[in-house]
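Beneath this line is the structure, given in structure tokens, with notes to follow.
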Amino acid sequence: MAKRAALSACLAGRNCRYNGELKADPEVVEKLEESGYEIALFCPEDSCFGTPREAMDLVLTDEGVKALTKFSKEDRSAPIAEYAAKFFDENPDIELFVGKARSPSCGVRTALLYDEAGNLISEKEAGIMAAEAGARNIEAVDDEDLSLR
Ligand code: SF4
């Protein structure tokens, strides 16, 4: 049976970024395929909120880290976490998670974290879906750190 990897859908060329801009990375897809991975695509934000949509930031609040929309400050953490849990429940054989660097949903070690005043306090966080992959002990990397044997 093929090994399976989960990949941010925008990297595979799906038009699902918040502003509808393409951000495909054919090299990442090639690397995974050459290494024998079957790819399962995911995009929590498009699935939960549609495209285009208001961008989000990770913000450290009194109640912990939340994904808040940039301007209207709506808390979008719960739907993303629910999408992530459902995705991994339905794909229990995922061995590798490859997330789009710096995304508040998908970034693995590169998501940006702000305080409530809008100051950048970290550039090394896990996005909401990447954190769920980590909680399930799934190997996880940012797209730009993908190096496969
Ligand atoms: S980074 Fe993640 S949430 Fe953002 S468009 Fe890509 S797959 Fe969707």
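Counting convention: from 1, in listed order, for ligands and their atoms alike. Computed from heavy atoms alone, side chains included, the values below leave out hydrogens, waters and symmetry copies.
Ligand-side atoms of ligand 1 in range of K100: 1 (S), range being under 4.0 angstrom from any heavy atom. Listed by number with element, the atoms of ligand 1 under 4.0 angstrom from any heavy atom of A9 are 7 (S). Short contacts between ligand 1 and S103, defined as distances under 4.0 Å to a heavy atom of the residue, involve ligand atoms 1 (S). In the vicinity of R17, heavy-atom distances shorter than 4.0 Å reach the ligand 1 atoms 5 (S). Here is the list of ligand 1 atoms found below 4.0 Å of a heavy atom in C16: 5 (S). Within ligand 1, counting atoms from 1 as listed, the ones closer than 4.0 Å to a heavy atom of F42 are 7 (S).
Taking every heavy atom of both residues into account, C106 and P44 meet most closely at SG-CD, 4.2 Å. The minimum heavy-atom distance between S122 and L120, with the atom names listed, is O-CD1, 3.5 Å.
Because the distance cut-off is set at 2.8 Å, C10 qualifies as a neighbour of atom 6 (Fe) of ligand 1 through one of its N, O or S atoms.
Within the structure, no pair that satisfies the side-chain hydrogen bond (donor to acceptor under 3.5 Å, both in side chains) test touches residues 9-23, not counting sequence neighbours.
The shortest separation from a heavy atom of Y18 to ligand 1 is not under 4.0 Å, leaving the residue out of contact.
Crowding of K124 atom NZ: a count of heavy atoms from other residues, nucleotides or ligands under 6.0 Å not exceeding 12. In the displayed structure, E116 atom CD is contacted under 6.0 Å by more than 12 heavy atoms of other residues, nucleotides or ligands. No more than 12 heavy-atom neighbours from other residues, nucleotides or ligands sit within 6.0 angstrom of CD on E123.
Shortest contact from atom 2 (Fe) of ligand 1 to any protein heavy atom: C106 SG, 2.3 Å. Closest to atom 8 (Fe) of ligand 1 among all protein heavy atoms lies C43 SG, 2.3 Å.
For F42 and F97, the ring centers are positioned less than 6.0 Å apart.
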